[in-house]
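Some notes on the structure that comes next.
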Amino acid sequence: MSIIIRILVNAAALAAAVFLIDGLDVDTSSTGEMIIVYLALGVIFGVVNAVIKPIVKTVGCAFYVLTLGLISLVVNALLLLLTAWIAGIVGLPFTIDGFWPAFFGAIVVAIVSWLLSLLLPGDDD
């Protein structure tokens, strides 16, 4: 059940980022298709964060310490760009126009995910 909640949180956070940030776009024609795209993006984003983010944190530990954690903003932006790239390969209509939209989109995703995690039941991870 925790995985389903995590996917829904990721999907909602990505939807908020697309709504708030110019340069992030999901190009669909119907509401049902949009929901499916956001759920698929939630899965992709969750897998990218679960697999790649721990590796980057481990390898770049010195950079996290040196920048007092600010490098995590850049890492999150790059992971969001990676999600868009994978979505393009899979055929999902999710595009990001560059680094800065990804950077600000990653901040929105982080804040919305954190807020939803506070409101929703689940394990404390």
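Keep in mind that the numbers below use all heavy atoms, side chains included, and drop hydrogens, waters and symmetry copies.
Residue pairs meeting the side chain to side chain donor-acceptor pair (under 3.5 Å) criterion with at least one partner in residues 42-58, sequence neighbours excluded, are Lys53-Asn76. Screening residues 87-105 for side chain to side chain donor-acceptor pair (under 3.5 Å), with sequence neighbours left out, gives no hits. Within the structure, side chain to side chain donor-acceptor pair (under 3.5 Å) contacts touching residues 60-69 (residues at least two apart or in different chains) do not occur.
Cluster annotation: Val65 is not connected to Leu73 through the hydrophobic network of ILVMFWY side chains, with a link wherever side-chain heavy atoms come within less than 4.5 Å. Residues Leu78 and Leu66 do not share a hydrophobic cluster, defined by chaining ILVMFWY side chains whose heavy atoms lie under 4.5 Å apart. A continuous path of ILVMFWY side-chain contacts below 4.5 Å connects Val9 to Phe19, so both sit in one hydrophobic cluster.
Taking each heavy atom of Gly98 and Pro101 in turn, the nearest pair found is O-CD, 3.5 Å. Counting all heavy atoms, side chain and backbone alike, Ser113 lies closest to Ala13 at OG-CB, 3.4 Å. The minimum heavy-atom distance between Gly105 and Leu24, with the atom names listed, is CA-CD2, 4.2 Å.
As a member of the Ile/Leu/Val/Met/Phe/Trp/Tyr network built from side-chain separations under 4.5 Å, Val59 groups with Ile55.
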**Request:** Begin with the C-alpha distance, continue with both residues' side-chain angles, and end with the deciding distance and a verdict on side chain to side chain contact (heavy atoms under 4.5 Å, CB included) for Phe45 and Val109.
**Result:** CA-CA 10 Å; Phe45 190 66; Val109 167; 3.6 Å; yes
**Prompt:** Between Phe94 and Val18, does a side chain to side chain contact (heavy atoms under 4.5 Å, CB included) hold up when you go through it step by step?
**Reply:** CA-CA 9 Å; Phe94 177 60; Val18 168; 3.8 Å; yes
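With sequence neighbours excluded, no residue satisfies side chain to side chain donor-acceptor pair (under 3.5 Å) with Ser30. With sequence neighbours left out, the side-chain contact (heavy atoms from CB on, under 4.5 Å) criterion links Asp27 to Asp25, Pro93. For Trp114, the side-chain contact (heavy atoms from CB on, under 4.5 Å) test picks out Leu118, with sequence neighbours left out. Every residue two or more places apart in sequence or in another chain that forms a side-chain contact (heavy atoms from CB on, under 4.5 Å) with Ile111 is listed here: Ile107, Leu115. With sequence neighbours excluded, the residues that form a side-chain contact (heavy atoms from CB on, under 4.5 Å) with Ala16 are Val108, Val112.
In this structure, the separation between CG on Leu80 and CZ on Phe99 is 10.5 Å, given to the nearest 0.5 Å. Atom CD1 of Ile89 is separated from atom CD1 of Ile44 by 9.5 Å, given to the nearest 0.5 angstrom.
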Taking only distance into account, with no hydrogens and no angle test, what donor-acceptor pairs under 3.5 Å do side-chain atoms of residues 31-43 form with protein atoms, sequence neighbours excluded?
unit_1: Glu33; atom_1: OE1; unit_2: Ser29; atom_2: OG; d: 3.4

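With hydrogens and angles disregarded, a donor-acceptor distance shorter than 3.5 Å links the side chain of Ser72 to the backbone of Gly69.
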